[in-house]
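Taking it in order: structure first as structure tokens, then the write-up.
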Amino acid sequence: MAEAGAVTETIGQAATQARVTEARRFWRVFMSRSLVRIGMVIIVALIITAIFAPILAPYDPYAQDLSQTLANPNTKHWLGTDSLGRDTLSRIIYGSRTSLMVGLVAVVVAAAIGMTLGLIAGYYGGWINPIIMRFVDGLLAFPMILLALAVAALLGGGIRNVIIALGVSLVPVYARLMCGQALTVKENDYVTAARAIGASNARIMLVHVLPNCFPPLIVLMTMMMGMAILAEAGLSFLGLGIKPPGAAWGAMVSDGYQLLLTNPILAFAPGVAIMLTVFAFNMVGDGLRDALDPRLRGTL
Amino acid sequence: MAALLTVKGLQTHFNTDRGIVKAVDGVSYHIDPGETVGVVGESGCGKSVTQLSVLQLIPSPPGKTVGGEVVFEGRNILEYEANGAQMREIRGGKIAMIFQEPMTSLNPVLTIGRQLTEMMELHQGMGKAEARARAIELLGMVGIPDGAKRIDNYPHQFSGGMRQRVMIAMALSCSPKIVIADEPTTALDVTTQAQLLELMQNMMRRLGSSLVMVTHNLGVVARYANRIYVMYAGRIVESGDAKEIFGHPKHPYTIGLLSCVPRLDECGKKERKLVPIQGMPPALINMPKTCAFLPRCAYRTARCEQEVWPELRPVADRHYVRCFDDIGQANVCK
């Protein structure tokens, strides 16, 4: 009897261990590449910067000091000042708030709408699928930035409208991926099994299909963060994004670009910030993709 | 005794690019309370589709149940909307199903406990804690030790046999009147098969449920079934008590099936060769009106090639066969 107890105990332990190793394996693969680690560091630093911007920024990003216009980097203004005498470093620090918020909200909103559309289209199929997906295909036909431009031009500038513009332009990407995922996942035996125990369509969709569709969508969301931030910078650069005097990296590049020959730091500093951010999100997205890839399960 | 479930003239067709596949073409059978019924046939003979049709689980399109009725508790349940509330109440609650592939029939992202309690919460309105306690009890009943710990495990932490035990626990959790087991042991190794079949038999007895065992394994039905339906090409070709079917098979197909299974009791004969059935089961598109088994039949006559496939006719007490002739070869070993 004691022996049987010991055996049971071992089985239980093995089971717990399997769970632990799965999580560990994820972290090991995810963190194995140095680029992914660098990306994580940048993202964490960016989030901290955005949250603690008022503490970290040496100056008020909106305060003009007309006696100190177009200063070169010096000990008081590490990255110099712009044509209105505003501290560039402080503006970049505050700009991280705009970028992160626009990126995050646009991606989450787009993912929520796109995934709902894709899930319904993929799960129900029949005549519902073509109706939703042809509409989505129509949106996909436009390059993302063009669609965002059109929506932004229609609605006007401002952070809310930029989020809407980017959100709309990202919806079709999620819808398409989700639809494909739902189409494959719903063919699984456990979906039939769920139906056989009397689960409703809504329940099957939310409890059984949706969670099994997640891995590629998580990767897409991370990658899209980078794209959305870049697109927001593009819109701001073109004057359709954040209205002055709001601090946005794209708008800063646009302002500094006119003084590229005399004060290159004005355009370069926010440009580097954009580049590093997009790079970081792409690297982390890559790392997630590798770590979540079921084909690699058990091999790495 | 009134039958628990009566299926009359069930027809399920699939629309394909090449034509209509009549996967189930006029199948009638009944299930009495508390009995174990075996449905036997080769792959693709329509045995699984029949069972899925009863619960309206055929993916539509391309499949569609075009005719017949399924009477359960005095109502034709085919009239219910496929995913409507009435149909959902029957599924799992009154008629439960166990599937062939335990490895894929459990949702990989949910814990065993979550999946076990789902059904009880759906059908019996149990609270979370109550359902959980019952789930642990059920795991114990199906022979999973340490249920309290294992309930929070995920399916990938279970072996195939364990998962099928979980599936059995799930099917039985709401004490259904009928459990349909669609090749429940095919994917498992032989020792596990035997254990699980015993387990299912015991559980059925305990709950007083009827069991429909869909299988191509004659050994399984020989040991556990009270009655047997033999299916071929979407129809029932022979039905009767298990003893009668094994002792006095009448349909050439049943005889063929039995003579390609090795037996230990060779009735004193020194050697008996296993005789395979020649040919392949037919594709179910554009079937001729004559007997579907005709091209493979060793006993065919001129009449078979001219006349339409006959209906089931009684040959003995509760023994029906779909063939013109009384094939004399009553038992392979006599």
Side-chain angles (χ1 to χ4, degrees), chain A residues 1 3-23 25 123-129 181 183-215 217-218 292 294 297-298, chain B residues 51-52 55-61 82-111 114-116 118-120 122-123 144-146 148-150 152-159 162 167 170-171 173-174 176 180 182:
Chain A
M1 203 53 219
E3 214 167 83
V7 169
T8 316
E9 191 65 17
T10 324
I11 294 171
Q13 276 170 0
T16 330
Q17 236 160 26
R19 189 83 202 137
V20 170
T21 36
E22 185 60 17
R25 190 201 59 82
Y123 179 77
Y124 281 107
W127 54 270
I128 298 175
N129 185 331
Q181 282 291 107
L183 276 174
T184 42
V185 170
K186 76 166 177 177
E187 296 300 328
N188 278 309
D189 287 346
Y190 53 80
V191 173
T192 314
R195 192 165 291 138
I197 66 167
S200 63
N201 278 327
R203 193 180 176 92
I204 293 174
M205 268 199 279
L206 292 178
V207 179
H208 295 282
V209 178
L210 184 63
N212 282 294
C213 294
F214 265 141
L217 284 153
I218 292 170
L292 291 171
R297 206 160 271 180
Chain B
Q51 304 310 323
L52 290 172
L55 285 177
Q56 295 198 47
L57 289 172
I58 296 292
S60 170
N83 276 314
Q86 289 169 306
M87 200 66 223
R88 293 207 310 267
E89 207 183 302
I90 291 175
R91 289 180 194 153
K94 290 175 177 165
I95 304 179
M97 221 164 160
I98 299 170
F99 290 93
Q100 180 173 3
E101 276 293 338
M103 303 310 271
T104 55
S105 298
L106 289 166
N107 188 339
V109 303
L110 300 180
T111 61
R114 183 87 168 67
Q115 301 188 54
L116 265 171
E118 180 174 21
M119 188 132 131
M120 290 181 269
L122 277 177
H123 290 294
I144 293 179
D146 211 5
K149 256 188 199 163
R150 300 301 307 245
D152 291 319
N153 284 171
Y154 286 82
H156 73 266
Q157 293 163 286
F158 281 65
S159 68
M162 300 273 260
M167 292 302 290
M170 217 157 150
S173 58
C174 296
I180 299 171
D182 188 358

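Just so it is clear: chains get the letters A, B, ... in the order the sequence lines come, proteins before strands, and each one is counted from 1. This is a predicted model, so every value here is computed, not measured.
Atom CZ of A/Arg203 sits in a crowded spot, with more than 12 heavy atoms from other residues, nucleotides or ligands closer than 6.0 Å.
A/His208 is listed as a side-chain neighbour of B/Glu118, based on a closest heavy-atom distance under 4.5 Å.
Here the CD1 atom belonging to A/Ile204 is positioned 6.5 Å from the CG atom belonging to B/Asn83, to the nearest 0.5 angstrom.
Contacts between B/Leu106 and chain A at a heavy-atom distance below 4.5 Å involve the backbone alone (N, CA, C, O).
With chain B as partner, the option from A/Thr192, A/Asp189, A/Asn201 having the largest number of non-hydrogen pairs under 4.5 angstrom is A/Asp189. Of the residues considered (A/Asn188, A/Val207, A/Asn212, A/Val191), A/Asn212 shows the highest number of contacts with chain B, using heavy-atom pairs under 4.5 Å. Options B/Met97, B/Met103, B/His123, B/Glu89 differ in how many heavy-atom pairs under 4.5 Å they form with chain A, and the most are formed by B/His123. Ranking A/Ala194, A/Gly125, A/Gly198 against chain B, the residue ahead of the rest is A/Gly198, based on heavy-atom pairs under 4.5 Å. When B/Ala96, B/Pro108, B/Ala85 are compared by the number of non-hydrogen pairs under 4.5 Å with chain A, B/Pro108 comes out ahead.
Just one residue in the list B/Asn107, B/Val109, B/Leu110, B/Thr104 forms a side-chain contact (heavy atoms from CB on, under 4.5 Å) with A/Tyr190, and that residue is B/Asn107.
The minimum heavy-atom distance between A/Ala193 and B/Ser105, with the atom names listed, is CB-O, 3.7 Å.
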